[in-house]
Amino acid sequence: MTVLVINSGSSSLKYAVVKPASGEFLADGIIEQIGSAQVPDHDAALRAAFDELAGQGLHLDTLGLVAVGHRVVHGGKAFYCPTLIDSELIGKLEELSPLAPLHNPPAILGIEVARKLLPDLPHVAVFDTAFFHNLPAASATYAIDREVAERWDIRRYGFHGTSHEYVSQQAAAFLDRPYESLNQIVLHLGNGASASAIAGGRPVDTSMGMTPMEGLVMGTRSGDIDPGIILFLRRAAGMDVEDIDTMLNRQSGVLGLGGENDFRALRKRIESGDENAQLAYDVYIHRLRKYVGAYLAVLGSTDVISFTAGVGENDATVRRDALAGLSALGIQIDEELNASPSREARRISTPESPVTVLVVPTNEELAIATACAALA
Ligand code: ADP
């Protein structure tokens, strides 16, 4: 039994062929530069993915595919369970597009071409917001005019939910403890970045909000800023909404401050004495520490802090600096364990540390495939 997982973005389409029962990946890859002469649209991208699979001897009709799983960023208020896709659902997802203008439209394109090319398989939408749909009202609610918020469904939805759920479950399995018995903080640090606080298996706060722009400093997004800045840019600086959107989503974060959004390149600049790169890093770490502190207070105490995604799994310096000097809060990193790389989940705190600190590789494709197999 295998599942084809598709994560369709505006300029790239990621795919994976996964056996959910064993976690085995038969293949995975990414088709980039959608919109170019070579890959003009999502239809061409998916066909290119199928060609790559065929090149590895994997033919869709003989793979034992039982479903196609689609990552959908925003499920709005209505959608959180993995949901079988039909025309009606696509219509409803289109209605949600204003909530996630960068993410939902390309996901819908991916769904439409996949349904066209693989019409006989069930297609399932798995929502990035799902894990957080029951956030307590105190953390999901923005302190703005209640009627405006209700009229426009303005609330904190949270994103990267598939990853936060998967990683927190893996952390519990690693510690051989019941999921419901643990308080956890998960730090998903990729190009996008988010933190979550999980109390006894239930998510109680997360740093991304109505859109993926809130919270931590990210590769190209600002994370938290004073909303007054947006008003100022409109009124005084004459920027229009599209300019502001582009600046905050694509030209901010560590890229906007330090000239690079990849932490390996940022590190090289820091080592060569680039002060802007150093400031970008310092702002990034400062925000991360603030969220760790906030979530410790939200939870009262935590059993586990897990780092995941591209930066969290690979950048030992970020992990060290994020949690340095917190032994008074029960957090002690072992420098040597932290510095030794591994692809497996592992502990990086000292044996005496009351809070266990882990590095847990995320695997959103496997989580999506597992959710689909349960439904197919
Ligand atoms: P996303 O899924 O959000 O695109 P990933 O979780 O794949 O992102 O993370 C990508 C980021 O991870 C890169 O932009 C880079 O900053 C960081 N990264 C990847 N590998 C390393 C590494 N070996 N050392 C430091 N940072 C890394």
Side-chain angles (χ1 to χ4, degrees), residues 11-12 30 32 159-160 163 167 185-196 207-208 212-226 229 246-296 305-329 331-343 346-350 353 355 357-362:
S11 66
S12 71
I30 178 166
E32 291 181 287
F159 299 88
H160 291 145
S163 178
V167 166
I185 295 174
V186 177
L187 304 172
H188 176 111
L189 310 177
N191 204 18
S194 61
S196 66
S207 60
M208 284 178 165
M213 288 168 77
E214 191 180 345
L216 300 176
V217 176
M218 314 187 200
T220 66
R221 294 188 200 123
S222 61
D224 296 336
I225 59 167
D226 178 350
I229 294 171
T246 303
M247 186 193 85
L248 294 178
N249 264 310
R250 300 188 195 273
Q251 297 163 353
S252 295
V254 289
L255 173 72
L257 287 176
E260 304 281 357
N261 65 310
D262 188 302
F263 270 68
R264 291 160 287 195
L266 189 75
R267 179 80 47 214
K268 285 208 181 102
R269 287 201 187 203
I270 293 171
E271 283 163 3
S272 71
D274 183 329
E275 286 176 11
N276 292 335
Q278 182 67 53
L279 178 62
Y281 182 75
D282 293 346
V283 173
Y284 180 91
I285 293 293
H286 180 80
R287 182 82 50 86
L288 193 51
R289 291 172 66 88
K290 238 159 100 163
Y291 268 90
V292 170
Y295 286 177
L296 280 170
I305 298 175
S306 297
F307 287 90
T308 194
V311 179
E313 290 169 30
N314 295 301
D315 196 322
T317 313
V318 165
R319 294 193 298 260
R320 182 197 69 198
D321 294 344
L323 301 181
L326 298 184
S327 53
L329 298 176
I331 302 167
Q332 284 167 11
I333 298 266
D334 180 311
E335 290 272 338
E336 211 167 298
L337 290 177
N338 183 40
S340 49
S342 159
R343 295 276 112 226
R346 65 191 194 281
R347 184 192 305 262
I348 59 167
S349 47
T350 63
S353 179
V355 176
V357 184
L358 303 177
V359 178
V360 180
T362 192

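All figures in this text were calculated on a predicted structure; none of them were measured in a lab.
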So which heavy atom on [X] is nearest to which on [Y], and how close?
X      : Y      : result
Ala193 : Met208 : O-CE, 3.4 Å
Ser222 : Ser252 : N-CB, 3.7 Å
Arg287 : Asp224 : NH1-N, 3.1 Å
Val254 : Val217 : N-CG1, 4.0 Å
Phe159 : Ser194 : O-OG, 4.0 Å
Gly215 : Tyr291 : CA-OH, 3.4 Å

Judged by modelled atom types alone, do Asn338 and Arg320 share a side-chain donor-acceptor pair under 3.5 Å?
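Arg320 and Asn338 do not have a side-chain donor-acceptor pair below 3.5 Å.
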
Less than 4.5 Å apart, any side-chain heavy atom of [X] and any of [Y]?
X      : Y      : value
Tyr281 : Asp321 : yes
Asn191 : Asn261 : yes
Asn276 : Leu257 : no
Ser349 : Gln332 : no
Leu187 : Val292 : yes

I'd like to know if the side chain of [X] and the backbone of [Y] have a donor-acceptor N/O pair within less than 3.5 Å.
X      : Y      : value
Ser353 : Thr350 : no
Thr220 : Asn249 : yes
Arg289 : Ala324 : yes
Thr362 : Ala309 : no

Quick check for you: to the nearest 0.5 Å, what is the distance between [X] atom [atom1] and [Y] atom [atom2]?
X      : Y      : atom1 : atom2 : result
Glu335 : Ile348 : CD    : CD1   : 10.0 Å
Ile305 : Leu296 : CD1   : CG    : 5.5 Å
Leu323 : Phe307 : CG    : CZ    : 4.0 Å
Arg264 : Arg269 : CZ    : CZ    : 15.0 Å
Tyr284 : Leu216 : OH    : CG    : 7.0 Å
Leu288 : Ser207 : CG    : OG    : 9.5 Å

Please check if atom CZ in Arg250 has more than 12 non-hydrogen atoms from other residues, nucleotides or ligands closer than 6.0 Å.
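Open: at most 12 neighbouring heavy atoms sit under 6.0 Å from CZ of Arg250.
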
Side chain to side chain contact (heavy atoms under 4.5 Å, CB included) between Val318 and Arg267: does it pass, once the steps are laid out?
CA-CA 10 Å; Val318 165; Arg267 179 80 47 214; 4.3 Å; yes

Residues Asp282, His286; criterion side chain to side chain contact (heavy atoms under 4.5 Å, CB included); working and verdict:
CA-CA 6 Å; Asp282 293 346; His286 180 80; over 6 Å; no

What class does the angle between the rings of His188 and His160 fall in, given that below 30° is parallel, 30 to 60° is tilted and above 60° is perpendicular?
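If you compare the ring of His188 with that of His160, the planes turn out parallel.
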
